[in-house]
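Accompanying notes for the structure given below.
Throughout, residue positions are numbered sequentially from 1 according to the sequence presented.
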Amino acid sequence: ALAGRSVELPPRFAQTIIVEPEAAEAALYQEILEIVRSSRELDGLKRTALRSVMEQAGSSAQAVSASLDRAGTLLPAPILARLREVVVAACVNPSRKSQRLIQLLRSMPSLAGGSKAIVFTRYKATLEMLAEKLAEAGISYCEFHGGMSGPQKDEAVERLNAEVPVMLATEGGGEGRNLQSANVLINYDLPWNPMKIEQRIGRVHRIGQTREVHIFSLCAKGSAEERILDVLERR
């Protein structure tokens, strides 16, 4: 008889938080948009590299910087030089989005009551930047990413269950793991594929979850992610 019943999960609530970027961050988004618009003559591989840079800019200047170090040779030298200049400026000042994340974690009364939060980012460089910010703010956390071994991941999940209120995770880190000890999920950046957003949510909003799930998506105003959210909300 049970096989025919649908499993009822606790309710989930989603909220988008649009953040006004700091001036150097806004300049980085704008520079990348202008480069993309003026580079229609580039071949497919170079355009793919630029698209990747645009995605990373929605996450953090640190993610863009790491990408340029890895794949800069794909881009023409003048474009690379322009990007490096604006990335350096954007990395100097604290990201408004990271500041908003700290405010969100501190102001969430449920966290003090035993709730746990998972902060998802697509990029290891962003995770490392956020780890620094949480440490500076005195917020205990664990990390969970694709570069960790199986036992290290098991230990991180155990720490989230037992002692720390926040897990910083990448998609690669979270695959195949049940993280329903958390009931707060924060999308620090957004995958461009809506299915991946659902996969993130499915790690906490699943059988075994006993509490309401709260989902917050941080988005920098003027970034490509803002357009993605607009498309998702129109669906």
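Tracing side-chain contacts under 4.5 Å through hydrophobic residues (I, L, V, M, F, W, Y), one never reaches Y123 starting from M148; they form parts of separate clusters. Residues L127 and F216 are members of one and the same hydrophobic cluster, defined by side-chain heavy-atom contacts under 4.5 angstrom among Ile, Leu, Val, Met, Phe, Trp and Tyr. No chain of hydrophobic side-chain contacts below 4.5 Å, direct or via other Ile, Leu, Val, Met, Phe, Trp or Tyr residues, connects L83 to Y29.
Distance OG1/T121 to CG/N187: 10.0 Å, rounded to 0.5 Å. The distance from atom CD1 of I186 to atom CG of L168, rounded to the nearest 0.5 Å, is 9.5 Å. L50 contributes atom CG, which lies 5.5 Å from atom CD1 of I79 (distance to the nearest 0.5 angstrom). Once rounded to the nearest 0.5 Å, the distance linking CE of M129 with NZ of K124 reads 13.5 Å. Between the CZ atom of R82 and the CG atom of L75 there is a distance of 11.5 Å, given to the nearest 0.5 Å. For the atom pair CD1 of I17 and CG of L104, the computed distance is 5.0 Å after rounding to the nearest 0.5 Å.
Across V87 and A61, no two heavy atoms sit closer than the pair CG1-O, 3.8 Å. Smallest separation of non-hydrogen atoms from L160 and S181: CD2-OG, 3.7 Å. Contact between A117 and L105 at its shortest, heavy atoms only, is CB-CD2, 4.1 Å. When all heavy atoms of A66 and A125 are compared, the pair lying nearest together is CB-CB, 3.9 Å. Closest of all the heavy-atom pairs between S98 and Y188 is N-OH, 3.0 Å. Closest of all the heavy-atom pairs between L28 and A90 is CD2-CB, 4.1 Å.
Side-chain contact between H214 and E212 is present, with at least one heavy-atom pair separated by less than 4.5 Å. In this structure, the side chains of I118 and V184 stay at 4.5 Å or more apart for every pair of heavy atoms. Put simply, the side chain of E143 does not reach to within 4.5 Å of the side chain of E128, judged on heavy atoms. Within the 4.5 Å cutoff, the side chain of L190 has heavy atoms near those of the S217 side chain.
None of N183, L185, L9 except one satisfies the side-chain contact (heavy atoms from CB on, under 4.5 Å) rule with H205; the exception is L9.
Salt-bridge annotation for R96 and E25: absent, with no side-chain N of the basic residue lying under 4.0 Å from a carboxylate O of the acidic one. Of the charged side-chain nitrogens involved, none lies within less than 4.0 Å of a carboxylate oxygen, so that R159 and D154 do not count as a salt-bridged pair. Checked for salt-bridge contact, R200 and D189 meet the test: a charged N lies under 4.0 Å from a carboxylate O.
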Practice prompt. Go through the steps for Q62 and S65 under the test side chain to side chain donor-acceptor pair (under 3.5 Å), then give the verdict.
Written response: CA-CA 5 Å; Q62 286 79 4; S65 180; over 6 Å; no
Discussion item. Is there a side-chain contact (heavy atoms from CB on, under 4.5 Å) between M54 and L33? Walk through the geometry before answering.
Written reply: CA-CA 8 Å; M54 185 180 285; L33 280 174; 3.6 Å; yes
Worksheet item: Does the side-chain contact (heavy atoms from CB on, under 4.5 Å) test come out yes or no for E85 and E31, once each step is laid out?
Response: CA-CA 10 Å; E85 188 176 340; E31 188 68 34; over 6 Å; no
Discussion item. Please evaluate residues L218 and R100 with respect to the criterion side-chain contact (heavy atoms from CB on, under 4.5 Å), reporting the C-alpha separation (whole Å), side-chain torsions for both, the decisive distance (0.1 Å), and the verdict.
Written reply: CA-CA 8 Å; L218 295 172; R100 186 67 184 87; 4.0 Å; yes
Practice prompt. Decide side-chain contact (heavy atoms from CB on, under 4.5 Å) for L68 and R84; before the verdict, give the C-alpha distance in whole Å, the side-chain angles of both, and the deciding distance to 0.1 Å.
Written response: CA-CA 8 Å; L68 295 181; R84 286 197 187 283; 3.9 Å; yes
Discussion item. Using side chain to side chain donor-acceptor pair (under 3.5 Å), reason through Q99 and S95 one step at a time and then give a plain yes or no.
Written reply: CA-CA 6 Å; Q99 292 173 335; S95 159; over 6 Å; no
Fill in: Residues E198, R12; criterion salt bridge (Lys or Arg N to Asp or Glu O under 4.0 Å); working and verdict
CA-CA 12 Å; E198 280 300 321; R12 75 188 203 192; 3.0 Å; yes
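Between S59 and T126, the side chains place a donor N or O and an acceptor N or O closer than 3.5 Å (distance only, hydrogens not considered).
Atom CD of E155 is surrounded by 12 or fewer heavy atoms from other residues, nucleotides or ligands within 6.0 Å. Applying the 6.0 Å contact sphere to CD of Q103 captures more than 12 heavy atoms from other residues, nucleotides or ligands.
With hydrogens and angles disregarded, a donor-acceptor distance shorter than 3.5 Å links the side chain of K97 to the backbone of G58. Proximity of a side-chain donor or acceptor of Q30 to a complementary backbone N or O of A27 within less than 3.5 Å is not detected.
By the side-chain contact (heavy atoms from CB on, under 4.5 Å) test, E158 pairs with N161, A162, sequence neighbours left out.
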